Each structure stands twice: as C-alpha cells, then as structure tokens.
Amino acid sequence: AYARQNRANVLTDIGDFDTALQCFHSALNQVDAAGGDPRAQAVTRNSLAVCLNSMGRFADGLDAAVNAHQALTELGDEHGQAFALHSIGLAYLGLKDLQSAHDALTSAVTLRNDISDRYGRGRSLLALGDVLAASGDEAAARAAWQSAFDIFTVLGAPEQTDALSRLAPG
C-alpha cells in the first residue's frame, strides 16, 4: 500500500492526477483488505487530499484532509496532524474561506514549530503568506514569506525560490 501511495505522490507531483487517483484508491483498498491499518489509511487520505487540492477539487480535498486529521489526532501522530492541517488550509484557501485557511495554517505552523519540523514550518509559512496576501494584509504576508525564505535558505531547500518570487516587488 505504501508503494502505491508513494507512486501516487510522484504522479501528483508530475501532474498525472487521474493515474494518481487510481493509485490512491488502490492503496486504500489494499490497506482495507489487509485489516485496515488506521495510520496507513490516514496518511494515504491526506496524500489523496494533496492530489485533490492540486486538481482544484478543494471540497473533496478538504473532506479527505479533515478525515485524515481526525484519525491522525486519535493516533497521536503530530507530524501527520501538521501535514493534514496544511492540506486543510490549502483546501480552504482554494474554497476562498480565508479565515478557516488562516486558522488551519496557523495551527500547522505552530505544531510544526513544536515538533521541530523546520521544512514543514517553512512550507506552511509560505502558504500562510498566500492566505494573508489574499486577505489584503501584505505586510503580514511578506513577513511570513520572509520567514519561509529564511528557513528554506538555511536548509538549502529548493522552495527558497518560491518564497523569493513572492517577496519580489510587484
């Protein structure tokens, strides 16, 4: 099941969404057939949410991410919870529910800070900056993007280019 999920993640990254969806559903069916490992189901559902959000299917992505978050919370998986909160925030952003997006991404940033996930914190700060910009708070958006850029620069992460492009004037 994890191999199918990983394949689906790669397919999502390269934009082959239809094949990715097939792989995610196959992975979920395989987990169910093997007895239904709750963590594997939740992680796969959150990865499915990423794919659905990438496709612009934000309501479906939100549903998958919320289900994943609930399960990961019950399991006490803080890394998974933070990832699901990030997916929830992106789904809300796509649905133009900026307050809910802000709340989810702020929670993701806080949790990722608490668990020392610097890379994930940078990703959530980048997305939070997008929410703040969409809300009209350019100063707060720039502060979030700058924080993300600083994290990505220290880590040598390629996302520093994304942060830098958001910081560029006009």
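Every value quoted in this text rests on a predicted model; they were computed, and no experiment measured them.
The minimum heavy-atom distance between Arg112 and Arg123, with the atom names listed, is NH1-CB, 4.4 Å. Residues Gln5 and Ala27 come closest through the heavy atom pair N-CB, 4.1 Å.
His79 places none of its side-chain heavy atoms less than 4.5 Å from the side chain of Leu111. The closest side-chain heavy-atom distance from Phe152 to Tyr119 is below 4.5 Å.
Checked by atom type, the side-chain pair Gln99/Asp103 shows a donor-acceptor distance below 3.5 Å. The closest side-chain donor-acceptor pair between Gln146 and Asp150 falls under 3.5 angstrom. With no hydrogens or angles considered, a side-chain donor-acceptor pair links Trp145 and Asp130 at under 3.5 Å.
Within the structure, side chain to side chain donor-acceptor pair (under 3.5 Å) contacts touching residues 11-20 (residues at least two apart or in different chains) are Asp16-Thr19.
Partners of Ser26 according to the side-chain contact (heavy atoms from CB on, under 4.5 Å) rule, which considers only residues two or more places apart in sequence or in another chain, are Arg4. In this structure, the side-chain contact (heavy atoms from CB on, under 4.5 Å) partners of Arg45, at least two apart in sequence or on a different chain, are Leu28, Asn67, Ala68.
Leu52 and Leu95 sit in two unconnected hydrophobic clusters of ILVMFWY residues. Membership requires side-chain heavy atoms under 4.5 Å apart, directly or through other members. Linking ILVMFWY side-chain heavy atoms closer than 4.5 Å, directly or via other members, places Tyr92 and Leu90 in two distinct hydrophobic clusters.
No more than 12 heavy atoms of other residues, nucleotides or ligands sit less than 6.0 Å from atom CZ of Arg7.
Checked by atom type and distance alone, the side chain of Arg166 pairs as donor or acceptor with a backbone atom of Asp162 at under 3.5 Å.
Here the CD1 atom belonging to Ile151 is positioned 12.0 Å from the CD atom belonging to Gln160, to the nearest 0.5 angstrom.
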